[in-house]
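Okay, so here's the structure we're looking at.
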Amino acid sequence: MTRDEAPEPGGREGNGGGEGVRPHPDRALYAISVAAELAGIPPATLRAWEAKGLLTPRRTDGGTRRYSENDIARSRRIAELSAQGVNSSGIRQILELQDENARLRGAASSATGDGPGAGQD
DNA sequence: TTTCTTACA
DNA sequence: TGTAAGGA
């Protein structure tokens, strides 16, 4: 990082009252090198996973990959799974299930008001 | 700086 | 499968 890069913040809310930044799941998108460092994985590997369909980072108009906190967490999961000997097929299934679970949690907490894992880990 | 392709282990 | 390097 020769320069503190600010990964093109597409749209931001007008902050006038010194509000703290809240890391949304899909809010801030990092460049590949940033995501690679955050996940502790070389950019080339991140690209390889994406080519296998294990990761699907958002792309900007120019075609640059933009990794969100979601993608970072996912990349860590992929790293562990692949390290355990899980093939891309298995990793993809696991990621799919985890993604579905996460989605169900959000829907449940939104409907009932109490968190899905309220009091449960 | 990032992307893609190709090659190697 | 993951990593390296080249060239745009």
Provide, to the nearest angstrom, the distance between the [atom1] atom belonging to [X] and the [atom2] atom belonging to [N].
X	N	atom1	atom2	value
D61(A)	dT2(B)	CG	P	17 Å
N87(A)	dT1(C)	CG	C1'	10 Å
L46(A)	dG2(C)	CG	P	11 Å

- [ ] Measure the shortest side-chain to side-chain distance between I94(A) and R77(A) over non-hydrogen atoms and say whether it is less than 4.5 angstrom.
- [x] no
Task: Beyond-backbone contact of R58(A) with Y67(A), side-chain heavy atoms, under 4.5 angstrom - done: no
Open item on the list: Can you build the contact string for nucleotides 3-9 of chain B? Use B for base contact, S for sugar-phosphate-only contact, and - for no protein heavy atom under 4.0 Å.
Closed with: BBB----
Open item on the list: Around atom CG of N101(A), are there more than 12 heavy atoms from other residues, nucleotides or ligands closer than 6.0 Å?
Closed with: yes
Task: More than 12 heavy atoms of other groups within 6.0 Å of E80(A) CD - done: no
TODO: Look at R59(A) together with E50(A) and state whether they make a salt bridge at an N to O cut-off of under 4.0 Å.
DONE: yes
Task: W49(A) side chain near dG2(C) phosphate (N/O to OP1/OP2, under 4.0 Å) - done: yes
Task: Donor-acceptor side-chain pairing of E69(A) and Y30(A) below 3.5 angstrom - done: yes
Task: Residues that R92(A) engages under side-chain hydrogen bond (donor to acceptor under 3.5 Å, both in side chains), provided they are two or more places apart - done: none
TODO: Check A36(A) against L46(A) and note the closest heavy-atom contact, atom names and distance.
DONE: CA-CD1, 3.4 Å
Open item on the list: For Watson-Crick and G-U wobble pairs within 3.5 Å on both distances, what is DNA chain B written in dot-bracket notation, | included for inter-strand pairing?
Closed with: .|.||||||
